[in-house]
Trainee: 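Structure provided below as C-alpha cells; questions to follow.
Computed from a prediction, not measured in an experiment: that's the story for all the values here.
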Amino acid sequence: MSETSVFRDGLLKGQVAVVTGGGTGIGLGISELLAALGAHVVLASRKPEHVEKAASAIRDSGGSASALTVDVREPDRVKELVERVVADHRRIDLLVNNAAGNFYAPSESLSPNAWKSVIEIDLFGTFYCSQAVLPVMKAQGGGRIVSISMTLHYRGWPLMAHATAAKAGVDALTRTLALEWAPYGVRVNAIAPGPIPTEGVRKAFTPPPSAEGKVADVFAVEKAMEAYARKAIPAGRFGSPRDIANMVAFLASPAGEWITGAIMVVDGGEWLARSPAPSAPRPQSA
C-alpha cells in the first residue's frame, strides 16, 4: 500500500468489496489498492492463513479489511459467505472473482481430477460467486462484478488446456451476465492480465534440472524473464499486481458506470504482438 495511487483519496469510501483469492499475488494487490481508496475489503480464500495475514497487514496500514474462508467450488459455502458479509456490512458494492487454480501439464496426461479442479475453481467459482451476490446488488440498486481472466486462450497455449478452457468460459460468462443483469444496475466486466511475475510464471522460465542434478540459478531465471519482456512485450516489462488493481479500481469507480460486458486486456501490448507460444514437450521414444 506504499505505492502512490493515481486515484483521488477516498474514491471508494463507503463501498464494500469482496475479493476471492485476495490474500496473495494479483488478488492481494487488488485488495490493497481498494482498501487504500477507502473501501472495506473482504478477503476470501480457502486458506485462512493467507487472507488473515493480508487483512491484518492492510489494517496495520490504515485500511479496512476482514478475512473469511470459502471454497468457491461449493455454492452453499459461497452463499454463506455472502450472507455473512451482508450481516456484517449490509451491502456488497464490488465482487472481484480472482480465485484461480493453475499449473502446467501436458493435455494427454492431464488427469480428470486436475481438469475438474481448475475448471471448477476458475469457471464454476466465478459463476457461483456472481450468482450469489446478484440478489444483494439488485436490492441495493446495483453493483460491479469484475472477473480475472487471461489472454492465453486467445491464441492457444500448450500445457494449459484446463486453464485456457476455463478462462474462455469466464469471458463468455462475463458477456452473457452483462446483458442479463444490466437492467438491475449491475455492471459485469473482466480483466485479462498479461504476464505477472508470480510463482507460476517464474516456474515456466526455470529449466528442469540437468542430468547431473544441477538446477538453474535465480540470476539466470531473472535474466531469461527480462529478455522475454524486452522481446515479447511492447511495453518492455512484465506487469505487476498494481497494474491489474488499477483497472479494477477504474471499473469500480464512477468512470466505469457505462462499461459492461467488456474484457479489458492489461498486458503491455503482449497479446497484440502475438509472441509465439512455447512448444509442448515431445514424448520420449521407447
Trainee: Identify whether Val41 and Leu94 are in the same connected component of the hydrophobic contact network (ILVMFWY, side-chain heavy atoms under 4.5 Å).
Mentor: yes
Trainee: Looking only at heavy atoms, which two atoms of Ile119 and Ala165 are closest? And how far apart?
Mentor: CD1-CB, 4.2 Å
Trainee: Is any side-chain heavy atom of Glu74 closer than 4.5 Å to one of Tyr128?
Mentor: no
Trainee: With side chain to side chain contact (heavy atoms under 4.5 Å, CB included) as the test, pick out the partner of Ile148 among Val170, Ile30, Asp122.
Mentor: Ile30
Trainee: Output the distance between atom CG (Leu37) and atom CG (Leu12), rounded to the nearest 0.5 Å.
Mentor: 5.0 Å
Trainee: Consider side chain to side chain contact (heavy atoms under 4.5 Å, CB included). Of Leu95, Val85, Val82, which one does Val136 pass it with?
Mentor: Val82
Trainee: Report yes if some heavy atom in the side chain of Ile58 is under 4.5 Å from a heavy atom in the side chain of Leu43; otherwise report no.
Mentor: yes
Trainee: Give the cluster check for Leu110 versus Ile121: same hydrophobic cluster or not, with ILVMFWY residues linked at side-chain heavy-atom distances below 4.5 Å.
Mentor: yes
Trainee: Pro135 and Ala132: which non-hydrogen atoms are nearest, and at how many Å?
Mentor: CD-O, 3.4 Å
Trainee: Under the criterion ring-ring contact (aromatic ring centres under 6.0 Å, His included), which of Tyr104, Trp115, Phe103 is the partner of His162?
Mentor: Phe103
Trainee: Nearest 0.5 Å please: distance from the CD atom of Gln131 over to the NZ atom of Lys79.
Mentor: 6.5 Å
Trainee: Given the rule that I, L, V, M, F, W and Y join up when any side-chain heavy atoms are under 4.5 Å apart, are Ile26 and Ile191 in one cluster?
Mentor: yes
Trainee: For the CZ atom on Arg84, are there more than 12 heavy atoms of other groups (residues, nucleotides or ligands in this structure) within a distance under 6.0 Å?
Mentor: no
Trainee: Should Thr174 and Ser130 count as side-chain neighbours, where that means a heavy-atom distance under 4.5 Å?
Mentor: no
Trainee: Tell me if a side-chain donor or acceptor on His50 pairs with a main-chain N or O of Gly21 at a distance below 3.5 Å.
Mentor: no
Trainee: Quick one: are Arg77 and Thr69 in side-chain contact, heavy atoms under 4.5 Å?
Mentor: no
Trainee: Does Asp93 reach the main-chain N or O of Ala17 with its side chain, forming a donor-acceptor pair under 3.5 Å?
Mentor: no
Trainee: In the structure I gave you, are the side-chain heavy atoms of Ser66 and Val42 within less than 4.5 Å of one another anywhere?
Mentor: yes
Trainee: Tell me whether Val118 is reachable from Val70 by hopping between hydrophobic residues (I, L, V, M, F, W, Y) whose side-chain heavy atoms are closer than 4.5 Å.
Mentor: yes
Trainee: How far does CG of Leu81 sit from CD1 of Ile92, to the nearest 0.5 angstrom?
Mentor: 7.0 Å
Trainee: If hydrophobic clusters are built by linking Ile, Leu, Val, Met, Phe, Trp and Tyr wherever their side-chain heavy atoms come under 4.5 Å apart, do Trp258 and Ile263 end up in the same one?
Mentor: no
Trainee: Salt bridge check: are Glu52 and Lys47 linked by an N-O gap of less than 4.0 Å?
Mentor: no
Trainee: Without swapping roles, check the side chain of Arg144 against the backbone of Ser253 for a donor-acceptor pair under 3.5 Å.
Mentor: yes
Trainee: So Leu68 and Val51, side-chain contact (heavy atoms from CB on, under 4.5 Å) or not? Walk me through it.
Mentor: CA-CA 7 Å; Leu68 292 176; Val51 288; over 6 Å; no
Trainee: Determine whether more than 12 heavy atoms belonging to other residues, nucleotides or ligands lie under 6.0 Å from atom CG of Asp60.
Mentor: yes
Trainee: Among Val188, Asn189, Ile145, find the residue that satisfies the side chain to side chain contact (heavy atoms under 4.5 Å, CB included) test when tested with Leu177.
Mentor: Val188
Trainee: Closer than 3.5 angstrom, by distance alone: can the side chain of Gln15 be matched with the main-chain N or O of Gly38 as a donor-acceptor pair?
Mentor: no
Trainee: Using every non-hydrogen atom in the two residues, find where Arg73 and Pro75 come nearest and quote the distance to one decimal.
Mentor: O-CD, 3.4 Å
Trainee: Which atom names give the shortest non-hydrogen contact between Pro241 and Gly29, and what distance separates them?
Mentor: CB-CA, 3.9 Å
Trainee: Can you spot which of Asn97, Thr126, Asp171 makes a side-chain hydrogen bond (donor to acceptor under 3.5 Å, both in side chains) with Ser147?
Mentor: Asn97
Trainee: Would you confirm whether Ser149, through its side chain, and Ala190, through its main-chain N or O, come within 3.5 Å as a donor-acceptor pair?
Mentor: no
Trainee: When you compare the side chains of His40 and Ser64, does any donor N or O come within less than 3.5 Å of an acceptor on the partner?
Mentor: yes
Trainee: Can you find a pair of side-chain heavy atoms, one from Leu251 and one from Met247, that are under 4.5 Å apart?
Mentor: yes
Trainee: Do the non-hydrogen side-chain atoms of Glu270 and Val265 ever get within less than 4.5 Å of each other?
Mentor: no
Trainee: Answer yes or no: is there a side-chain heavy-atom contact under 4.5 Å between Val248 and Leu33?
Mentor: no
Trainee: I need the single residue from Asn98, Val72, Val18 that forms a side chain to side chain contact (heavy atoms under 4.5 Å, CB included) with Cys129. Which is it?
Mentor: Val72
Trainee: Within the distance-only criterion (no hydrogens, no angle test), does the side chain of Ser117 pair as donor or acceptor with the backbone N or O of Asn113 below 3.5 angstrom?
Mentor: no
Trainee: Given the rule in the side-chain contact (heavy atoms from CB on, under 4.5 Å) test, do Arg237 and Ile233 qualify, once you have shown the distances and angles that lead to the verdict?
Mentor: CA-CA 6 Å; Arg237 67 169 177 86; Ile233 303 175; over 6 Å; no
Trainee: Quick one: does any side-chain atom of Arg187 pair with a main-chain N or O of Glu257 as donor and acceptor, under 3.5 Å?
Mentor: yes
Trainee: Distance check, rounded to the nearest 0.5 Å: Thr260 atom OG1 versus Trp181 atom CH2?
Mentor: 10.5 Å
Trainee: What's the separation between atom CG in Asp267 and atom OH in Tyr154, rounded to the nearest 0.5 Å?
Mentor: 9.0 Å
Trainee: Could you give the distance from CZ (Arg46) to OG1 (Thr20), rounded to the nearest 0.5 Å?
Mentor: 11.0 Å
Trainee: So, for Gly239 and Pro197, which heavy atoms are closest and what is the spacing to 0.1 Å?
Mentor: O-CD, 3.1 Å
